[in-house]
Enquirer: 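A single structure is presented below for examination.
Keep in mind the model is a prediction, meaning the values are calculated, not measured.
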Amino acid sequence: MKTIKVEGYIVSTEDQEIYDYFGYPATSPGRMTDQLKEAAGEDIEIVINSYGGDVWAAADMYAQLRKYEGETKASITGLAASAATILMCGCDSVEAWPAAEIMVHLSHSYQDGNYRDMLEVAEKLKTSDAGL
């Protein structure tokens with residue numbers, strides 16, 4: 001069984017290089033694609049200890065896990081927060097260690113501007129929540 005670690009933040013593929021440069025742990029769809037290709041259908045364990053992050057990056061990784069040919073198991077060793085729970089849900093089975101914590105919440109964002117800007121972001125948040 002191959003192990004894939006998901007630590008730190010879940011980021012877009014475009015941002016992965018920045019996190020790597022500064023030595024911050026992060027996982028992106030591009031990195032997940034590479035690791036799944038390397039596993040080549042072998043059963044995998046996704047070890048999760050993540051604060052969460054980019055919901056659309058997590059949705060992409062969720063889809064990759066659902067399409068993966070081998071068995072997938074999520075192992076929550078510390079924290080599976082926010083977007084990290086999306087990855088957890090993409091696996092065939094899930095185990096959480098006794099001290100592990102799983103956090104699920106509604107989508108959130110930051111916005112400034114006039115009322116039209118606020119209404120626009122509110123609609124995007126509603127769409128995101130409905131998808132989750």
Side-chain angles (χ1 to χ4, degrees):
M1 178 176 284
K2 179 170 177 49
T3 300
I4 296 175
K5 290 191 160 232
V6 175
E7 298 178 306
Y9 289 100
I10 295 172
V11 299
S12 68
T13 300
E14 295 81 17
D15 289 347
Q16 181 75 62
E17 186 177 324
I18 297 166
Y19 282 79
D20 292 346
Y21 178 81
F22 287 106
Y24 297 140
T27 303
S28 66
R31 181 157 292 164
M32 178 74 66
T33 297
D34 294 343
Q35 292 172 315
L36 293 176
K37 281 181 186 176
E38 184 180 305
E42 180 182 346
D43 292 350
I44 57 172
E45 178 181 30
I46 309 293
V47 178
I48 301 174
N49 186 22
S50 171
Y51 320 111
D54 186 318
V55 69
W56 295 284
D60 185 348
M61 290 187 275
Y62 168 92
Q64 290 182 48
L65 290 168
R66 297 303 299 163
K67 293 188 300 185
Y68 185 70
E69 297 167 4
E71 287 292 312
T72 57
K73 177 176 122 181
S75 180
I76 314 306
T77 58
L79 177 64
S82 193
T85 62
I86 298 170
L87 299 183
M88 175 189 78
C89 292
C91 292
D92 298 318
S93 64
V94 176
E95 70 177 1
W97 291 90
E101 189 172 330
I102 297 168
M103 181 188 73
V104 179
H105 63 85
L106 294 174
S107 300
H108 71 271
S109 181
Y110 301 97
Q111 178 68 41
D112 62 0
N114 62 39
Y115 79 93
R116 288 184 182 101
D117 300 320
M118 301 303 171
L119 291 172
E120 182 180 339
V121 78
E123 285 304 313
K124 288 179 181 176
L125 289 170
K126 285 181 192 176
T127 302
S128 179
D129 286 343
L132 294 174

Enquirer: Please determine whether residues Tyr24 and Ile18 belong to a single hydrophobic cluster, defined as Ile, Leu, Val, Met, Phe, Trp and Tyr linked transitively by side-chain heavy-atom distances below 4.5 Å.
Expert: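 They do share one cluster, since a chain of ILVMFWY contacts under 4.5 Å joins Tyr24 to Ile18.
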Enquirer: Atom CD1 in Ile86, atom CH2 in Trp56: separation rounded to 0.5 Å?
Expert: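 With rounding to 0.5 Å, CD1 (Ile86) is 10.0 Å from CH2 (Trp56).
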Enquirer: What orientation do His108 and His105 show, parallel under 30°, tilted 30 to 60°, or perpendicular over 60°?
Expert: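 If you compare the ring of His108 with that of His105, the planes turn out tilted.
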Enquirer: Are Ile10 and Met32 connected into the same hydrophobic cluster when the rule is that any two of I, L, V, M, F, W, Y join if their side-chain heavy atoms are below 4.5 Å apart?
Expert: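 Yes, Met32 and Ile10 fall within the same hydrophobic cluster.
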Enquirer: So how far is it from Lys5 NZ to Glu45 CD, rounded to the nearest 0.5 Å?
Expert: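 Between Lys5 NZ and Glu45 CD, I get 9.5 Å after rounding to 0.5 Å.
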Enquirer: Using only atom types and a distance under 3.5 Å, with no angle test, would you say the side chain of Ser50 pairs donor to acceptor with the backbone of Tyr9?
Expert: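 Not at all, since once roles are kept as given, no pair shorter than 3.5 Å links the two residues.
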Enquirer: Could you tell me whether Glu120 and Arg116 make a salt bridge, using a distance below 4.0 angstrom between a side-chain N and a carboxylate O?
Expert: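 Looking at Arg116 together with Glu120, the answer is no, because their closest N to O distance does not fall below 4.0 Å.
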Enquirer: Treating Gln64 as the side-chain partner and Pro29 as the backbone partner, does any N or O pair qualify as donor plus acceptor under 3.5 Å?
Expert: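 Judged by distance alone, yes, a pair lies under 3.5 Å.
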Enquirer: Roughly how far, to the nearest 0.5 Å, is the CG atom of Leu79 from the CD atom of Glu101?
Expert: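 Here the rounded value is 6.0 Å.
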Enquirer: Determine whether Glu95 and Ser75 satisfy the following criterion, side-chain contact (heavy atoms from CB on, under 4.5 Å), listing intermediate values before the conclusion.
Expert: CA-CA 5 Å; Glu95 70 177 1; Ser75 180; 3.0 Å; yes
Enquirer: Mark yes or no for whether Asp43, through its side chain, and Glu71, through its backbone, hold a donor-acceptor pair below 3.5 Å.
Expert: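 Yes.
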Enquirer: Closest approach of Val11 and Ala26, non-hydrogen atoms and distance?
Expert: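 Looking at all heavy atoms of both residues, the shortest contact is CG2-CB, 4.0 Å.
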Enquirer: OG/Ser107 to CG/Asp129 distance, rounded to the nearest 0.5 angstrom?
Expert: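 Answer rounded to 0.5 Å: 4.0 Å.
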Enquirer: Taking Asp92 for the side chain and Thr72 for the main chain, is one N or O donor matched with an acceptor at less than 3.5 Å?
Expert: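 Present.
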Enquirer: Rounded to the nearest 0.5 Å, what separates atom CD1 in Ile44 from atom NZ in Lys2?
Expert: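 Ile44 CD1 to Lys2 NZ: 9.0 Å, rounded to 0.5 Å.
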Enquirer: For Tyr68 and Gly41, indicate whether the former's side chain and the latter's backbone hold a donor-acceptor pair under 3.5 Å.
Expert: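 Indeed, once roles are kept as given, a pair shorter than 3.5 Å links the two residues.
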Enquirer: Below 4.5 Å, heavy atoms only, C-beta onward: do Thr33 and Asp60 meet side chain to side chain?
Expert: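 They are not in contact (no side-chain heavy atoms under 4.5 Å apart), so the answer is no.
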Enquirer: Quick check: are there more than 12 heavy atoms from other residues, nucleotides or ligands sitting under 6.0 Å from CD of Glu17?
Expert: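 No, not enclosed.
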Enquirer: Taking the side chain as everything from C-beta on, heavy atoms only, tell me whether Ser82 gets closer than 4.5 Å to Tyr51.
Expert: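 Sidechains of Tyr51 and Ser82: no contact.
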Enquirer: Spell out, yes or no, whether Val104 and Leu106 are grouped together once hydrophobic residues are joined by side-chain heavy atoms under 4.5 Å, including indirect joins.
Expert: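 Per the 4.5 Å side-chain linkage, Val104 and Leu106 are not co-clustered.
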Enquirer: For Thr85, which of Val94, Ile76, Ile48, Ile102 qualifies under side-chain contact (heavy atoms from CB on, under 4.5 Å)?
Expert: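 Considering Val94, Ile76, Ile48, Ile102, a side-chain contact (heavy atoms from CB on, under 4.5 Å) with Thr85 is found only for Ile102.
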Enquirer: May I have the step-by-step check of side-chain contact (heavy atoms from CB on, under 4.5 Å) for Ser28 and Asp15, ending in yes or no?
Expert: CA-CA 8 Å; Ser28 66; Asp15 289 347; over 6 Å; no
Enquirer: Would you find more than 12 non-hydrogen atoms of other residues, nucleotides or ligands less than 6.0 Å from Glu42 atom CD?
Expert: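 Check passes, neighbour count above 12.
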Enquirer: Please round to the nearest 0.5 Å and tell me the distance separating atom CD1 of Ile4 and atom CZ of Arg31.
Expert: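 Rounded to the nearest 0.5 Å, the CD1-CZ separation comes out at 11.5 Å.
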Enquirer: Please assess Val55 against Ser128 for the test side-chain contact (heavy atoms from CB on, under 4.5 Å), listing each intermediate value before the final yes or no.
Expert: CA-CA 8 Å; Val55 69; Ser128 179; 4.1 Å; yes
